[in-house]
Number of protein chains: 2
Amino acid sequence: MAPVKKFRELDENLVRQKEAAFADFIQKKGLKTTRQRNTIISTFFRLRGHISVEELLNQVKQVNPRIGYATVYRTLHLLVESGLVEERRFGDGLARYEGHSDVEHHDHMICLECGEIFEFFNPRLEALQESLAEENNFQIFRHRLELYGACKDKDACQKRKARGNAAAGAE
Amino acid sequence: MAPVKKFRELDENLVRQKEAAFADFIQKKGLKTTRQRNTIISTFFRLRGHISVEELLNQVKQVNPRIGYATVYRTLHLLVESGLVEERRFGDGLARYEGHSDVEHHDHMICLECGEIFEFFNPRLEALQESLAEENNFQIFRHRLELYGACKDKDACQKRKARGNAAAGAE
DNA sequence: TGGATTACGAAAACTGTTTTCATTTTCGGC
DNA sequence: GCCGAAAATGAAAACAGTTTTCGTAATCCA
């Protein structure tokens, strides 16, 4: 079985888990379940990578064209509040949203050639940050590390570009 | 001689250097020298820390109240283009500008209590990032690391807050 | 000093996001 | 199953930060 296939299967379970967790959150907050919200969250959780509001809205509109920006924004805020989704800003002026992926916390490498965003995690890096903070009498709540540059494997980079999925998550 | 004093003196030389460098840049680009631009850049270079457009405009207006947002924005773009200034975004939605300080490259710790922004640099951290990029066949052009958290020395933190210079640069 | 070129400032435009408001939907209690 | 309070929706307006436009003014080289 190809790893990709396996990943997809796992993902589907994860998606259901998240939908359930969100339903829980909504109920605990005394909010209501609506068709639009369900459409938006299930669309979102099935998308991979770092999704902009516009990307999400486009997908959502394919299911229900009457859904507008306002509802998507509002739902994304709820998702963030629920802790199921994180908001990121990579400096191109628009917010991107990321359902927690396989790795709980991670940092990013952003290829400026093809727009691909890779995730990585390194414990030594985390530890080093902690010790630096310690030295400066600082307590870290969260951090953000982004490496901007280029895939060295230009072929792959260019291929990705050609496939037109710039800014999509690593797959 | 107090370190602060010394720093201030050094700074004044640096400011002159930068004004000259900018004048150079302007000339090489075939642009014109204007009173407004001079006011803006010399005000900017004399401010410390991570300056927002509004903060800069307020200062500038004390010298020449007729200068407006447009000119400040335009001049800041030129400063960035000249390489003398870097634009930063810390996620509060507004751009901040930073004249290169003593340390050429550095990262940031941002106190969420008092808004203070500390700069730091650590060669091991840089090296570690390089080796991680290498492992992933990635070439880093630039990076950004921000630690969000709190000064552990709450007293100092609260004092700074009381002094009302939240979000000001380390001094 | 003239005149082409660039810069200025005020206001309008623009972008991404949030809010408003009138209407519709949800859902616990009957 | 229906009522009604509470919440959600969608279209449009509002908003904040930034950029552009446009008519006027300043710069600076020949």
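Sequence lines set the chain letters: A, B, ... in the order given, protein chains first and strands last, and positions in each chain run from 1.
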Report task. Just jot down the side chain to side chain donor-acceptor pair (under 3.5 Å) partners of B/Gln17, sequence neighbours excluded, or say none. Result -> none
Side chains of residues 23-30 of chain A: which donor-acceptor partners sit under 3.5 Å, not counting sequence neighbours?
unit_1  : atom_1 : unit_2  : atom_2 : d
A/Asp24 : OD2    : A/Lys28 : NZ     : 3.2
A/Lys29 : NZ     : A/Glu81 : OE2    : 2.8

**Report entry** By salt bridge (charged side-chain N to carboxylate O under 4.0 Å, His left out) - contacts of B/Glu54 (at least two apart)
**Finding:** none
Query raised in the report: Just the endpoints, please: which first and last nucleotides of DNA chain C, 5' to 3', lie under 4.0 Å from a heavy atom of chain A?
Result: C/dG16 to C/dC27
Exercise answer: donor-acceptor pairs, residues 63-78 of chain B side-chain atoms, under 3.5 Å, sequence neighbours excluded:
unit_1  : atom_1 : unit_2  : atom_2 : d
B/Asn64 : OD1    : B/Arg66 : N      : 3.0
B/Thr75 : OG1    : B/Thr71 : O      : 2.7

Query - Contacts of type salt bridge (charged side-chain N to carboxylate O under 4.0 Å, His left out), residue A/Glu19, not counting sequence neighbours - result: A/Arg46
Report summary line: Readout for nucleotides 21-30 of chain D: B = base within 4.0 Å of protein heavy atom, S = sugar-phosphate only, - = neither; 5' to 3' it is B-----BS--
Report summary line: So salt bridge (Lys or Arg N to Asp or Glu O under 4.0 Å) across residues 133-147 of chain A, not counting sequence neighbours, yields A/Glu134-B/Lys152, A/Arg144-A/Glu146, A/Arg144-B/Glu146, A/Glu146-B/Arg144
Report summary line: B/Asn122 meets the side-chain contact (heavy atoms from CB on, under 4.5 Å) criterion, sequence neighbours left out, with A/Leu128, A/Leu132, B/Arg124, B/Leu125
Query raised in the report: From A/Leu47 CG over to A/Gln59 CD, what is the distance, rounded to the nearest 0.5 angstrom?
Result: 5.0 Å
Query raised in the report: How bent is the helix from C/dT1-D/dA30 to C/dC30-D/dG1, comparing axes over its five end pairs at each side, to the nearest 10°?
Result: 20°
Query raised in the report: Which residues satisfy the salt bridge (charged side-chain N to carboxylate O under 4.0 Å, His left out) test with B/Arg35, sequence neighbours excluded?
Result: none
Query raised in the report: Got a sec, which residues hit ring pair (Phe, Tyr, Trp, His ring centres under 6.0 Å) with B/His108, two or more places apart in sequence or on another chain?
Result: B/His50, B/Phe90, B/His106
